[in-house]
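Got a structure for you, questions after.
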Amino acid sequence: MNALLDDLNPAQREAVTAPPGHYLILAGAGSGKTRVLTHRIAWLCEEQGLWPHNMLAVTFTNKAAGEMRERLGHLLHQPTRGQWVGTFHSIAHRLLRMHHQEAGLQEHFQILDSDDQIRVLKRVIQELELDDKRFPPKQAAWMINGWKDEALRPEQLPAPKQLHDHHWHAVYRAYEAACQRAGVVDFAELLLRAFEMLNQHDALRMHYQQRFQHVLIDEFQDTNTLQYAWVRQLVGSDGLAFVVGDDDQSIYSWRGAQVENMQRFLSDFPGARLIKLEQNYRSTGTILKAANALIERNQGRLGKQLWTAADSGEAIDLFGAHDESEEARHAIGQIMRFVEEGAKLRDCAILYRSNAQSRAFEEALIQKSLPYRVYGGLRFFERAEIKDALAYLRLLANPDDDPALERALNMPPRGIGDKTAEQLRNQARQAGVSQWRFLELQPDAFSNRARSVLSQFVSLIQKLRAETHALNLAGQMEVVLEHSGLRTHYEREQKETRLGADSRIENLDELLSVAARFQADAPERDVGSSELVTFLSYAALEAGEGQSQVWEDAVQLMTLHASKGLEFPLVCLSGLEEGLFPLQRAIDEGGQALEEERRLAYVGITRARRRLLISFAETRRRHGEFHYARPSRFVGEIPKSLLKELRPRGGHAQAPRFGVEHMETPSIRLGARVRHARFGEGIVLAAFGNGEHARVQVNFADVGTKELVLAFANLQLV
DNA sequence: TGTACCCAGGTTTTT
DNA sequence: CCTGGGTACA
């Protein structure tokens, strides 16, 4: 028998060796889904005599794509060059580069990241003379991306019912025009363009349908409407789809993911079969029991039960802290104990619902002098100084790139103010050309001073172009940094503000070495693209690591969302409080929203390999105000027998007291039961302000939540 | 052009 | 409470 199958369990083997057909692999957390995906490809090659290039493998993140490529390299005993393994976006991008003409794009089109997109939208909204308070650029980005994810162009939108909608549609149209003029595409556009291109060009579509006999998709529960349509399109009538996902780990509905796509797959793809992977190789039996018990509360699941051949392991620790700092101290105490038992700091993760919660943990970690790493935040290629440098390179690659030009125009400052920039923008738009083109065509369309600074800018770019013409990527980068004045500018800034180690200059130097490395590694070059264009695409599509010192042994802090796909020997799942996790919004909405919160809890629990600590705080400062909360319903949904309560609850001994000074009223605690003359009895949920302005939020049994001014409410403690 | 203050707003995030 | 963005001045 094929050695590929040696280390697979029966269900995995069934999936890997399944006869030709469409398959939905329902793969639970830690059930080896990536292994199944890669082995399937290898098996098709070895047993069915197919070539790797007859397959298309799609993931959501670069990291997942990288992992898959690496594992495939091992299995196939050959480098994975030329193989189509990548993210939805990178594959769409590749198609567009190869067929830019059919897609209606200029050859050296650039990619707009979300930050750039918002800048462009801000301009567009200004140009339409709309109030950016009523039409916030961020919301515009959100809406436009949403429309694109639904494959809706402005013409296809339902007719606006109100003036407001009418304006939004106008923003969408103007934004599209601006992007087209500048030759830039945003992330959602990559997918939509590629989809439309294949739709409109039968020959192209048939070519790729024929070429990709097998289409394999990872994390299928995260696909949106457009991605689903895209998969159907590429599979066509003769191709075969092999999709892997877990409906219980669908936590991205808020950005357009449709879990329904899993059910839909079974009916849309003829003869599609479902294979479940339920054996878990990650966690202890106890942890899995907890996860199963929790997720069973959700309706309409495809349904699966994780099991393990491993021991049941230790009980799950449950800790009810008085406040968030005690919660943090306790978690860190557990981590230190775990490390004393021989674990590494990097084996320990602290997970939370929202980023703001990291603070208390960071403070506690600093106090104990433990190194830690917070996930999220600015990535390398998103840093301002990096984007400044890249803006020049983008201009060299494509002078029509307006967003890049606007960025480079006055960075470093060279006296081209907002007024001049606005004039240039407006005139170029009226002339229907890019800003660079306008500068070339009509350099005299400005006042004397503006004309002189603008012409200096034009000569600078022309000089850079001439100087970089014959250079390789790293050389071009070097020239840009030196001659644009960026390096000098940031050096001066560094001197003046005496910035510390993580300075902008160091980042610029890092950019140089990234470019040198990129060149040396010579990743597969897109057909007809220069090294520079390839690098710029890479920078946009792969924003890089969030922080340096990834190699350092440190406690890992991240949101639950960021933890998906990872695993840790010890997991501290924090903030299990009604109103925080699940969030109040989800509680108010109920239904799907609440179920998604539960899936998030499920994701958190299933990250843990050996030990799990679940904690909550009775009081917590949020936005500077004290809040009181009951333990999360999710705690109650885990069978008591699996939990070890580290401190039996009862009494809020240290909850802060609130009162009005110099008054007879006894001070009031969060969580205290109080009586009001008119509203009856209730529980104090939150307290704001102090002195005579002190207010409390009370949840009354009869009339619901009210906010009262303490000095007048005359509350009695019950 | 840069800096000081004021105010709103504060889930989750990849590409 | 803290951050980011916007406005008002030097």
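The figures that follow rest on heavy atoms only: side chains count, while hydrogens, waters and symmetry mates do not. Below, chains carry the letters A, B, ... as their sequence lines are ordered, and counting in each starts from 1.
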Task: R621(A) and E324(A) ion-paired at < 4.0 Å - done: no
TODO: Write down the distance between CG (L560(A)) and P (dT11(B)), rounded to a whole number of angstrom.
DONE: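 In whole Å, dT11(B) P lies 16 Å from L560(A) CG.
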Task: Rounded interatomic separation in angstrom, taking CD from E67(A) and P from dT14(B) - done: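 Computing the E67(A):CD to dT14(B):P distance gives 15 Å.
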Task: Sugar-phosphate only, base, or nothing, as touched by D186(A) at under 4.0 Å among non-hydrogen atoms - done: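 Since no nucleic acid heavy atom lies under 4.0 Å of D186(A), the category is nothing.
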Open item on the list: What is the distance, to the nearest angstrom, from the CD1 atom on I251(A) to the C1' atom on dT13(B)?
Closed with: 10 Å
- [ ] For nucleotides dG4(C) and dT13(B), find the distance between their P atoms and express it as a whole number of Å.
- [x]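 Per the computed distance, 15 Å lies between those P atoms.
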Open item on the list: If you assign L600(A) and H489(A) each to the DNA chain B nucleotide with the nearest heavy atom, which residue ends up on the more 5' nucleotide?
Closed with: H489(A)
Task: Whole-Å gap separating P (dG10(B)) and CD (Q584(A)) - done: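 Rounded to the whole Å, the gap is 15 Å.
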Open item on the list: From CZ of R449(A) over to P of dT1(B), roughly how many Å is that when rounded to an integer?
Closed with: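 The answer, rounded to whole Å, is 8 Å.
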Open item on the list: Suppose we call a contact any N or O donor and acceptor under 3.5 Å apart; does that hold for the side chain of R255(A) and the base of dT12(B)?
Closed with: no
TODO: Would you please confirm or rule out a distance under 4.0 Å between OP1 or OP2 of dC2(C) and any side-chain N or O of R359(A)?
DONE: yes
TODO: To the nearest Å, give me how far apart CD (Q117(A)) and P (dT14(B)) are.
DONE: 16 Å
Open item on the list: If you only use heavy atoms from C-beta on, which nucleotide in dT14(B), dC1(C), dT12(B) is closest to the side chain of S354(A)?
Closed with: dT12(B)
Open item on the list: Does the structure place the NZ or CZ of R97(A) under 6.0 Å from the centre of the six-membered ring of F109(A), at an angle of no more than 45° from the ring's axis?
Closed with: yes
TODO: Describe the nucleic acid contact of D132(A) in one word from base, sugar-phosphate, nothing, applying a heavy-atom distance below 4.0 Å.
DONE: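 Answer is nothing: D132(A) stays at 4.0 Å or more from every strand.
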Task: dT12(B) base stacked by W254(A) (centroids within less than 5.5 Å, tilt under 30°) - done: yes
- [ ] Indicate, yes or no, whether a donor-acceptor pair under 3.5 Å links the base of dT14(B) to the side chain of S114(A).
- [x] no
Task: pair I217(A)-V215(A): side-chain heavy atoms closer than 4.5 Å - done: yes
TODO: Could you state the atom-to-atom distance from CG of L351(A) to P of dT13(B) in whole Å?
DONE: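 The distance from CG of L351(A) to P of dT13(B) comes to 12 Å, rounded to the nearest Å.
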Open item on the list: Just N and O in the side chain of N355(A): are any of them under 4.0 Å from OP1 or OP2 of dT11(B)?
Closed with: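 Answer is no, no contact under 4.0 Å.
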Open item on the list: From C-beta outward on H561(A), which listed nucleotide comes closest to its side chain: dT12(B), dT15(B), dT11(B)?
Closed with: dT12(B)
- [ ] Would you check if L409(A) and L454(A) make a side-chain contact, meaning some heavy-atom pair closer than 4.5 Å?
- [x]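 Sidechains of L454(A) and L409(A): in contact.
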- [ ] Answer yes or no: does a side-chain N or O of T559(A) lie under 4.0 Å from OP1 or OP2 of dT13(B)?
- [x] yes
TODO: Please tell me which of R414(A) and H89(A) maps to the more 5' nucleotide of DNA chain B, matching each residue to the nucleotide holding its nearest heavy atom.
DONE: R414(A)
Open item on the list: Under 6.0 Å from the ring centre and within 45 degrees of the ring axis: does the NZ or CZ of R451(A) meet both conditions for the six-membered ring of F446(A)?
Closed with: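 Judged by the rule (NZ or CZ under 6.0 Å from the ring centre, within 45° of its axis), R451(A) is not positioned above F446(A).
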Open item on the list: If you compare every side-chain N and O of R379(A) against the phosphate oxygens of dT15(B) (OP1, OP2), does one of them come in below 4.0 Å?
Closed with: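 Checking R379(A) against dT15(B): at least one side-chain N or O falls below 4.0 Å of OP1 or OP2.
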Open item on the list: Test side chain to side chain donor-acceptor pair (under 3.5 Å) on H93(A) and Y538(A); report intermediate values, then the result.
Closed with: CA-CA 10 Å; H93(A) 171 250; Y538(A) 164 80; over 6 Å; no
Open item on the list: With a 4.0 Å cutoff (strictly under), does any side-chain N or O of N224(A) reach OP1 or OP2 of dT14(B)?
Closed with: no
TODO: Please report, rounded to the nearest Å, how far the C1' atom of dT12(B) is from the NZ atom of K138(A).
DONE: 12 Å
TODO: Under 4.0 Å between any heavy atoms, over every strand shown, what does D222(A) touch: base, sugar-phosphate, or nothing? Just pick one.
DONE: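 If one applies the 4.0 Å heavy-atom cut-off, D222(A) turns out to touch nothing in the nucleic acid.
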- [ ] Indicate, with a heavy-atom threshold strictly under 4.0 Å, whether R621(A) touches base, sugar-phosphate, or nothing.
- [x]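 Sugar-phosphate, no base atom in range.
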Open item on the list: Check for me whether R379(A) meets the cation-pi criterion with F381(A), that is, NZ or CZ under 6.0 Å from the six-membered ring centre and within 45 degrees of the ring axis.
Closed with: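 The answer is no, since R379(A) fails at least one limit relative to F381(A).
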Open item on the list: Considering every strand and a 4.0 Å limit on heavy-atom distances, what is the contact class for K122(A): base, sugar-phosphate, or nothing?
Closed with: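 If one applies the 4.0 Å heavy-atom cut-off, K122(A) turns out to touch the sugar-phosphate alone, with no base involved.
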- [ ] For L541(A), report the nucleic acid contact type (base, sugar-phosphate, nothing); a contact means any heavy atom under 4.0 Å.
- [x] sugar-phosphate
